[in-house]
Amino acid sequence: MRLFLDENIPPVVARRLLTLFPGSIHALSDDRFRGYKNVSIYKFLVAHPTHLLVTLDLHFANRLRYPPGPTGGIVVIRMKGMMVSTAYRRLLMILSSRTTLKGRLSILSRRKIRTPEP
């Protein structure tokens, strides 16, 4: 699995994830993707369905605007009331689970992890 880490993912978390998932991209540290608009990120994900988006941007939770089906999956982290270390642990939990993330939207929050049905 390869990840596309949005610019809003903290660098300390991104470094750890880049080590665990070789071939992944952190938009903040990759000049090709720095400043990409959401639509451009989505187009990249559709063209490269081997990449799973990890973002704090709640816009990607809008399944009508950004349908997860043709992508490698979308994981939206809702940080409200959650420490970065907790978010990282929850993210690792979902990434290492046997749940198929490809083509799915997953939302991580302080209290739960949701993967709404299409």
Side-chain angles (χ1 to χ4, degrees):
M1 175 187 324
R2 293 180 182 174
L3 306 177
F4 185 99
L5 305 171
D6 203 352
E7 288 181 326
N8 53 29
I9 300 299
V12 65
V13 171
R15 280 191 296 276
R16 291 178 188 167
L17 291 171
L18 292 173
T19 301
L20 293 172
F21 298 93
S24 295
I25 297 167
H26 185 211
L28 184 63
S29 59
D30 191 322
D31 290 335
R32 297 175 300 167
F33 301 103
R34 190 173 298 145
Y36 254 42
K37 302 287 184 202
N38 289 352
V39 172
S40 299
I41 291 171
Y42 182 75
K43 286 179 181 178
F44 174 85
L45 295 170
V46 170
H48 299 87
T50 57
H51 285 79
L52 169 83
L53 175 64
V54 178
T55 184
L56 304 179
D57 189 338
L58 297 177
H59 291 115
F60 281 103
N62 182 339
R63 298 163 52 105
L64 296 176
R65 189 164 192 171
Y66 303 107
T71 72
I74 299 173
V75 176
V76 176
I77 303 170
R78 297 189 66 201
M79 291 299 296
K80 185 176 180 180
M82 188 167 38
M83 295 176 53
V84 171
S85 59
T86 303
Y88 177 70
R89 282 194 311 274
R90 285 180 171 256
L91 179 60
L92 284 182
M93 187 169 66
I94 195 169
L95 293 176
S96 64
S97 74
R98 297 184 188 271
T99 304
T100 301
L101 298 173
K102 186 173 178 65
R104 310 266 328 234
L105 169 65
S106 301
I107 303 170
L108 281 65
S109 65
R110 183 174 61 116
R111 295 187 185 226
K112 59 186 169 184
I113 299 172
R114 291 188 305 126
T115 306
E117 291 298 320

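Numbers for residues simply follow the sequence, beginning at 1. Only heavy atoms go into these numbers, but all of them, side chains included; no hydrogens, no water, no symmetry mates.
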Would you kindly check if the NZ (Lys) or CZ (Arg) of Arg2 is within the cone defined by 45 degrees around the ring axis of Phe21 and under 6.0 Å from the six-membered ring centre? no
Salt bridge (Lys or Arg N to Asp or Glu O under 4.0 Å): which pairs involve residues 19-34, sequence neighbours left out? Asp30-Arg32, Asp31-Arg34
Per the side chain to side chain contact (heavy atoms under 4.5 Å, CB included) rule, which among Ile25, Thr50, Ile74 passes with Phe4? Ile25
With side chain to side chain contact (heavy atoms under 4.5 Å, CB included) as the test, pick out the partner of Met79 among Leu108, Thr86, Val84. Val84
Is it true that atom NZ of Lys102 has more than 12 heavy atoms of other residues, nucleotides or ligands lying nearer than 6.0 Å? yes
Check against side chain to side chain contact (heavy atoms under 4.5 Å, CB included), Val75 and Arg104: CA-CA 8 Å; Val75 176; Arg104 310 266 328 234; over 6 Å; no
So which atom in [X] and which in [Y] form the shortest heavy-atom distance, rounded to 0.1 Å?
X	Y	value
Pro22	Thr19	CD-O, 4.1 Å
Leu105	Phe60	CD1-O, 3.8 Å
Pro70	Pro49	O-CB, 4.0 Å
Arg90	Arg110	NH2-O, 3.0 Å

Quick check on the hydrophobic clustering: are [X] and [Y] connected, directly or via other members, by side-chain heavy-atom contacts under 4.5 Å?
X	Y	value
Ile9	Leu28	no
Val76	Tyr36	yes
Leu3	Leu101	yes
Val54	Leu18	yes
Leu92	Leu53	no

Look at the rings of His48 and Phe44 and say which category their plane angle falls in: under 30° parallel, 30 to 60° tilted, over 60° perpendicular. parallel
Asp6 side, atom CG; Phe33 side, atom CZ - distance, nearest 0.5 Å: 11.5 Å
Strictly by modelled atom types, are Asp57 and Asn8 linked by a side-chain donor-acceptor pair under 3.5 Å? no
